[in-house]
Amino acid sequence: MTSIISTKNIVKSYSNGIRALDNVSMKVNKKEVLVIMGPSGSGKSTLIRTFNGLETFDSGQIDILGVRLDSQPDERKVRAIRKRVGMVFQQFNLFPHLSILDNITLAPIKVQNTSRVEAEEHALDLLSQMGIIKQAKKYPSQLSGGEQQRVAIARALALNPELMLFDEPTSALDPERVNEVLDAIRSLAQKGMTMVVVTHEVSFAKEVGDRVIFMDSGKVVETSTPDVFFTNAQHQRSRKFLNQIEK
Ligand code: ADP
């Protein structure tokens, strides 16, 4: 199996002395949906952010899409990776003064020198896939949170990424808006996109995840298939977490 991401013994401490990652070794295979779960503060966000150079780390190494990152920050490598990796955050971070269409076409036009006509055609196709083509001419403040998050996904997809990273993509949404965003992510999985998804959404993890990584205190405690993780978790710590979130 081709691995798209492979980390070896990553250690990361913040300047306040908190060890956010403690010898993390893990893999993401091509076309796989890897779900990362764990209590708040366990290092999930720090880990996913190291993949595209949003966080540096103290030791260990990351091989991602054939590029090796180590503890020495290398802007050139990070720029190369960010062109190939899309990321969606809890907050949508759309440009408020740009229309939905312009939010999506900005990077392809500026970064990839795509023509406006081609970029708009692609953007409309992505908005249609996300079920929000009617919103193309509107501004972010006119859309619901769930719609804005789907625009953020379309914006990431506009650069034709080989890998998508999602850091708690539904945590800032009203409960009734969660499913429309999860459905959009599910449809990407069905198309074979390789994805890493940090989420607390159990039914999504069960249905869409190929593997689940459970983290606690900066460590990977367990790596299992969703079947095993949710019915017969191997570690006491995982079981305690599952009991808490399922209550
Ligand atoms: P999670 O995503 O699982 O909630 P994080 O990766 O955000 O966990 O955080 C892991 C640990 O690192 C926590 O103890 C958190 O308080 C700490 N941490 C995260 N970001 C910073 C930062 N910028 N500066 C200092 N400590 C941080």
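These values consider heavy atoms only, across backbone and side chains, with no hydrogens, waters or symmetry-generated copies. Each ligand, and each atom within it, is numbered from 1 in the order the structure gives.
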Residue pair Gln61 / Leu69, side-chain heavy-atom distance below 4.5 Å:
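Side-chain contact under 4.5 Å: no.
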Decide yes or no for Thr7 and Ile5: does some side-chain heavy atom of the first lie under 4.5 Å from some side-chain heavy atom of the second?
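Heavy-atom side-chain distance check passes, below 4.5 Å.
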Could you check whether atom 25 (C) of ligand 1 has a protein contact, counting only heavy atoms that fall below 4.0 angstrom?
yes
Using a 4.0 Å cut-off to any heavy atom of [X], which atoms of ligand 1 qualify?
X     : result
Ser40 : 4 (O)
Ala20 : 10 (C), 11 (C), 12 (O)
Ile18 : 11 (C), 12 (O), 14 (O), 17 (C)
Ser42 : 1 (P), 3 (O), 8 (O)
Asn16 : 25 (C), 26 (N)

Sort out for me which residue in Arg68, Lys8, Lys27 forms a salt bridge (charged side-chain N to carboxylate O under 4.0 Å, His left out) with Asp63.
Arg68
Given Ser217, Gly41, Gly43, which has its nearest heavy atom closest to atom 4 (O) of ligand 1?
Gly41
Would you say Pro39 contacts ligand 1, with heavy atoms under 4.0 Å as the rule?
yes
So, Thr199 versus Glu201: side-chain donor-acceptor pair below 3.5 Å or not?
no
Without hydrogens or angle criteria, can the side chains of Thr50 and Glu55 be said to hold a donor-acceptor pair below 3.5 Å?
no
Answer yes or no: does an N/O atom from Thr46 fall short of 3.5 Å to an N/O atom of ligand 1?
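Yes, since at least one N or O of Thr46 sits under 3.5 Å from an N or O of ligand 1.
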For atom 19 (C) of ligand 1, what is the closest protein heavy atom, and at what distance to 0.1 Å?
Tyr14 CE1, 3.3 Å
